[in-house]
A.B. asks: 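Dropping the structure in here first, questions after.
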Amino acid sequence: MKDLSIRYLERLSELYPTIAAASTEVINLEAILNLPKGTEHFLTDIHGEYEAFSHVLKNGSGAVRRKVNDVFGNTLSNGDKRSLATLIYYPREKMNQVLKETADQEDWYKITLYRLIQVCRQSASKYTRSKVRKALPPEFSYVIEELITEKQADIDKESYYNAIVQTIIRVGRAEEFIIAMCQLIQRLVVDHLHIVGDIFDRGPGPHIIMDKLMQYHSVDIQWGNHDVLWMGAAAGQIGCIANVIRICARYGNLDILEDGYGINLLPLATFALNVYGDDPCACFQLKGGGNCSLSEREINIKMHKAISIIQFKAEGQIIQKRPEFALEKRNLLHRIDFEKGTVELDGKTYELLDKHFPTVNPLAPYSFTEEEQEIMERLQRAFLNCEKLQQHIKFLLARGSLYKVYNGNLLYHGCVPLEEDGSLKQVKIYGKTYSGKALYEVLDGYIRKGFVAMNAEEREKGRDLMWYIWLHECSPLFGKDKMATFERYFLAEKETHKEKKNPYYTLLEEEEVANRILEEFGLPAEGSHIVNGHVPVKSKNGENPVKCGGKVLVIDGGFSRAYQAETGIAGYTLIYNSYGLILAAHEPFESTEAAIQKESDIYSDSIIVKIVTQRKLVGDTDIGQELRAKIHDLELLLEAYRNGTLVERYAGGR
């Protein structure tokens, strides 16, 4: 039997059949190692705010505007530069507006094309021609490549390039060419995108964001607790389904389910009107849905209460089914005195704000009524059979994970559960104990089992664990002692609403703790960073997202409109380019229409987190390590060719 290394080299020789081919590839790879590293963007807690998210992608968190300034400096007015940037963000819409007001359209096309060519050339300058070529739109790839690789000093070719531009205009392709150039610039300013959790819930368009991410050229996702909740719902877990619908109802976003995913909520609406028709449901007012009519709002409020009671029952059933989750203390329906309208909580008795529970049987408070059972079975089938939702979840499984180590940064959404002394918290999952990295990995594995495990019991465990991850105090994606949903609805006393955070959040400034976490995940203490979101940074109160001397970066700045009053800003983007780390704090986004009509951009205040003394190259990245390994293998192949172990392959045979 042949040695394994020889067999591997034989397979490699099929790709590089000659000394010349292998040598050329080594030269190419060595050259790539010395290019500047690509720009990474990190976003978190987007929470369905698709317009703001889309704009941040289009403007590269301000990178497009910086490119325009770099290229044109003082040679264009601020107004012209702003107009050009807006065109790059929204080429079709902006052109429609401009051309209605332009007398000489041909002249505008010519000027605009030349300006875009310059910006595109600047944006492509840090990449290999091969990489740029892969990013080019197929329809115009040859022409764009010719135009953006023009050398300024090549006077002999000036008429050639002018002829290309003139021909583009003459044959009526200027508008489509401009759109292609603008989209190419957008693509080049962001080399890789990291989404550090929570795409879903609160905002109106998580399904639109997912569609956009599925088309994005390079992205990875670290799941947040809201993402895992939707994953559990897509897997048919009833506690997750009830939570998803309740949150959509609470924020006035039931359209996400009905219009975005085609899930029929009419049975729930009919049930809610029949059962709570005369109930004002005062504790279940909406936090959104301002555009809906009064009658719609009233129906949504009643649906909100109906699904909330169903949720408390569904969760009670899971807690009874899974005693190993140790969540019995969160079962509260059986602690209600329905005659007095009170509930016992942690040894104290509290009066309920809402005493109307027509579907709760005091003798069996966690049992569904016959109608509730039918509704949940229909909803379960709807989630399981929703093709679009299943496609989105498959994408999350393929591109996502609970954590990621990438170019010296540790990315996760929530926290690493810790004890008060900063040591790693020991957590039991189905009878075995895990902590730190091992905890993340076992949870990640069970999430995947919830979709693909052949064993029905293991698949069921995975599905139930997705609900656990959503709200358990030992979950690294939640990290609080309880999810006080019941208390926030039914009790006036604020102390009952308090959710105590895991010690992780108070220990972030301690370097010893940060170093321990980095080392747990295989990263050196020096030069590495932790990037996470989940808990909004209240920057308006002076809270700093940069913690532990820059070693920890908490980048949830309130993308969700629901949090912007707390944070004072509208989200962060962390940018990691060849010069270092920059944190961009965004102002609220007015609307896409305002961005086009008024040329209003998202203003971003940048904080320099770290500047490197020597510019980072591809060779300093994870891709660089892979390329070096490939170079090593190719050099072994060259040696095998030269010492006669392998014979070069030529066309027509060996």
A.B. asks: Using the side-chain contact (heavy atoms from CB on, under 4.5 Å) rule, take C474 and K425 through it: C-alpha gap first, then chi angles, then the decisive distance, then the call.
C.D. replies: CA-CA 8 Å; C474 294; K425 186 177 180 68; 3.5 Å; yes
A.B. asks: Between R399 and Y216, do the side chains contain an N or O donor and an N or O acceptor separated by less than 3.5 Å?
C.D. replies: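 Y216 and R399 do not have a side-chain donor-acceptor pair below 3.5 Å.
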A.B. asks: Cation over ring, K404 on Y406, under 6.0 Å and within 45°?
C.D. replies: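 Checked: cation-pi criterion not met.
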A.B. asks: Please report the closest heavy-atom contact between A306 and L268, naming both atoms and the distance.
C.D. replies: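 Heavy atoms only, the tightest pair is CB-CD1, 4.2 Å.
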A.B. asks: Kindly write out the residues that satisfy side-chain contact (heavy atoms from CB on, under 4.5 Å) with Q285, not counting sequence neighbours, or none if the list is empty.
C.D. replies: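 For Q285, the residues satisfying side-chain contact (heavy atoms from CB on, under 4.5 Å) (neighbours in sequence not counted) are I301.
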A.B. asks: Indicate yes or no: does K428 engage E324 in a salt bridge with an N to O separation below 4.0 Å.
C.D. replies: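 Between E324 and K428 there is no salt bridge, as every charged N stays at least 4.0 Å from the carboxylate O atoms.
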A.B. asks: Locate the shortest heavy-atom distance separating K551 from E511; write the atom from each residue and the value.
C.D. replies: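 Heavy atoms only, the tightest pair is NZ-OE2, 3.3 Å.
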A.B. asks: What distance do I221 atom CD1 and W223 atom CH2 have between them, rounded to the nearest 0.5 Å?
C.D. replies: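 CH2 of W223 is found 9.5 Å from CD1 of I221.
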A.B. asks: Start with the C-alpha gap between N243 and E315, add the side-chain angles, then the distance that decides, and say whether side-chain hydrogen bond (donor to acceptor under 3.5 Å, both in side chains) holds.
C.D. replies: CA-CA 9 Å; N243 270 281; E315 292 183 334; 2.9 Å; yes
A.B. asks: State, yes or no, whether a side-chain contact exists between M303 and L265 at a heavy-atom distance under 4.5 Å.
C.D. replies: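 M303 vs L265: side chains touch.
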A.B. asks: Do we see a donor-acceptor contact under 3.5 Å between the side chains of Q222 and H194?
C.D. replies: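 There is no such pair (donor and acceptor under 3.5 Å, judged by atom type) between the side chains of Q222 and H194.
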A.B. asks: Take Y446 and R459 through the test side-chain hydrogen bond (donor to acceptor under 3.5 Å, both in side chains) and record every step on the way to the result.
C.D. replies: CA-CA 8 Å; Y446 267 112; R459 190 164 63 250; over 6 Å; no
A.B. asks: Just by distance, do the side chain of D481 and the backbone of K500 share a donor-acceptor pair under 3.5 Å?
C.D. replies: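 Yes; judged by distance alone, with no hydrogens or angles, the pair exists.
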A.B. asks: Which atom pair, heavy atoms only, marks the closest approach of A269 to I299?
C.D. replies: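 Shortest heavy-atom separation between A269 and I299 comes out as CB-CG2, 4.3 Å.
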A.B. asks: Between D198 and H226 (side chain of the first, backbone of the second, donor and acceptor by atom type, cut-off under 3.5 Å), is there such a pair?
C.D. replies: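 Such a contact is found between D198 side chain and H226 backbone.
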A.B. asks: So for atom CD, which belongs to E328, do other residues, nucleotides or ligands contribute more than 12 heavy atoms lying within a distance under 6.0 Å?
C.D. replies: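 Count over threshold, so yes.
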A.B. asks: Do K461 and Y430 form a cation-pi contact, if we require the NZ or CZ to be under 6.0 Å from the six-membered ring centre and within 45 degrees of the ring's axis?
C.D. replies: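 Ring-cation test returns yes.
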A.B. asks: Find out whether Y489 and L353 are in side-chain contact, i.e. whether some heavy atom of one side chain is under 4.5 Å from a heavy atom of the other.
C.D. replies: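 Contact flag for Y489/L353 side chains = no.
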A.B. asks: Can you check whether F478 and Y468 have ring centres sitting under 6.0 Å from each other?
C.D. replies: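 No; Y468 has its ring centre 6.0 Å or more from that of F478.
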A.B. asks: If only atom types and distance count, is the side chain of N409 paired as donor or acceptor with the main-chain N or O of V531 below 3.5 Å?
C.D. replies: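 Not a single qualifying donor-acceptor pair exists.
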A.B. asks: Do the side chain of D45 and the main chain of G533 share a donor and acceptor less than 3.5 angstrom apart?
C.D. replies: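 No, because the side chain of D45 does not come within donor-acceptor range (under 3.5 Å) of the backbone of G533.
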A.B. asks: Within the structure provided, determine whether L213 and I199 are in side-chain contact (heavy-atom separation under 4.5 Å).
C.D. replies: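 They are in side-chain contact.
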A.B. asks: Between A484 and H497, what is the shortest heavy-atom contact and its length?
C.D. replies: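 Here A484 and H497 meet closest at CB-O, 3.7 Å.
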A.B. asks: Please determine whether a side-chain nitrogen of the Lys or Arg among D464 and R322 lies less than 4.0 Å from a carboxylate oxygen of the Asp or Glu.
C.D. replies: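 Answer for the salt bridge query: yes.
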A.B. asks: Is the distance from the ring center of H192 to that of Y576 below 6.0 Å?
C.D. replies: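 Centroid distance H192-Y576: not below 6.0 Å, so no.
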A.B. asks: Check whether H41 reaches the backbone of I575 with its side chain - one donor and one acceptor, N or O, closer than 3.5 Å.
C.D. replies: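 Not a single qualifying donor-acceptor pair exists.
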A.B. asks: Do V554 and Y572 have side chains that get closer than 4.5 Å, going by heavy atoms?
C.D. replies: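 With C-beta onward as the side chain, the pair stays apart.
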A.B. asks: Would you call E512 and R516 a salt bridge, taking side-chain N to carboxylate O under 4.0 Å as the test?
C.D. replies: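 Yes, charged N to carboxylate O under 4.0 Å.
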A.B. asks: State, yes or no, whether a side-chain contact exists between I46 and I195 at a heavy-atom distance under 4.5 Å.
C.D. replies: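 I46 reaches I195 side chain to side chain.
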A.B. asks: Is E258 reaching over with its side chain to a backbone N or O of I263, donor-acceptor style, under 3.5 angstrom?
C.D. replies: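 Not confirmed, E258 side chain does not pair with I263 backbone.
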A.B. asks: Do D556 and H534 get their side chains close enough for a donor-acceptor pair, meaning under 3.5 Å?
C.D. replies: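 No, no side-chain donor-acceptor contact under 3.5 Å.
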A.B. asks: Hey, could you give me the CG/NZ distance between L424 and K437, rounded to the nearest 0.5 Å?
C.D. replies: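 So the CG of L424 and the NZ of K437 are separated by 12.5 Å.
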A.B. asks: Which of these passes ring-ring contact (aromatic ring centres under 6.0 Å, His included) with H392: Y261, W230, F383?
C.D. replies: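 It is Y261, the one option of Y261, W230, F383 that forms the ring-ring contact (aromatic ring centres under 6.0 Å, His included) with H392.
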A.B. asks: Under 4.0 Å between a Lys/Arg side-chain N and an Asp/Glu carboxylate O for K329 and D346?
C.D. replies: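 Salt bridge absent between K329 and D346.
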A.B. asks: If you take all heavy atoms of P476 and L439, which pair is closest and at what distance?
C.D. replies: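 Minimum heavy-atom separation between P476 and L439: CD-CD2, 4.3 Å.
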A.B. asks: Is it true that H334 and Y366 have ring centroids separated by less than 6.0 Å?
C.D. replies: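 Centroid separation for H334 and Y366: below 6.0 Å.
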A.B. asks: Walk me through whether L397 and M231 qualify under side-chain contact (heavy atoms from CB on, under 4.5 Å).
C.D. replies: CA-CA 9 Å; L397 288 165; M231 293 165 80; 3.6 Å; yes
A.B. asks: Just by modelled atom types, is the Q426 backbone N or O under 3.5 Å from a matching donor or acceptor in the S435 side chain?
C.D. replies: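 No.
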A.B. asks: Do P417 and Y504 have side chains that get closer than 4.5 Å, going by heavy atoms?
C.D. replies: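 P417 does not reach Y504 side chain to side chain.
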A.B. asks: Before accepting this row, confirm whether a basic side-chain N of the pair E473/K482 lies closer than 4.0 Å to the acidic partner's carboxylate O.
C.D. replies: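 Between K482 and E473 there is no salt bridge, as every charged N stays at least 4.0 Å from the carboxylate O atoms.
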A.B. asks: Taking the side chain as C-beta and beyond, is there a heavy-atom pair between I309 and F357 under 4.5 Å?
C.D. replies: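 A side-chain contact exists here, since the closest heavy-atom pair is under 4.5 Å.
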A.B. asks: Between K321 and E460, is there a side-chain N and carboxylate O pair less than 4.0 Å apart?
C.D. replies: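 Yes, charged N to carboxylate O under 4.0 Å.
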A.B. asks: Output yes when D279 and K302 qualify as a salt bridge under the 4.0 Å nitrogen-oxygen rule, no when they do not.
C.D. replies: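 Here D279 does not pair with K302 in a salt bridge, since their nearest N and O are not under 4.0 Å apart.
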A.B. asks: Which heavy atom in L332 sits nearest to a heavy atom in F486, and how many Å separate them?
C.D. replies: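 Shortest heavy-atom separation between L332 and F486 comes out as CD1-CD2, 3.6 Å.
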A.B. asks: Are L327 and W467 close enough that some pair of their side-chain heavy atoms sits under 4.5 Å apart?
C.D. replies: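 Side chain of L327 against side chain of W467, heavy atoms only: contact under 4.5 Å found.
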A.B. asks: E372 vs K313, test: salt bridge (Lys or Arg N to Asp or Glu O under 4.0 Å). Steps then yes/no.
C.D. replies: CA-CA 10 Å; E372 288 172 332; K313 290 183 177 184; 2.7 Å; yes
A.B. asks: Spell out, as yes or no, whether a donor-acceptor pair under 3.5 Å connects the side chain of N253 to the backbone of G203.
C.D. replies: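 Yes, the answer is positive, given that a donor and an acceptor are paired below the 3.5 Å cut-off.
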A.B. asks: Does the pair E458/K449 count as a salt bridge with the N-to-O cut at 4.0 Å?
C.D. replies: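 Result for this pair is yes, salt bridge flagged.
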A.B. asks: Is it the case that the side chain of R335 and the backbone of E344 share a donor-acceptor pair, with hydrogens and angles ignored and the cut-off at 3.5 Å?
C.D. replies: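 No; judged by distance alone, with no hydrogens or angles, the pair does not exist.
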A.B. asks: Please confirm whether Y440 and Y434 have ring centers closer than 6.0 angstrom.
C.D. replies: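 No, the ring centres sit 6.0 Å or more apart.
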A.B. asks: Would the distance check show the side chain of S528 and the main-chain N or O of A525 forming a donor-acceptor pair, the cut-off being under 3.5 Å?
C.D. replies: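 Here the side-chain-to-backbone pair does not exist.
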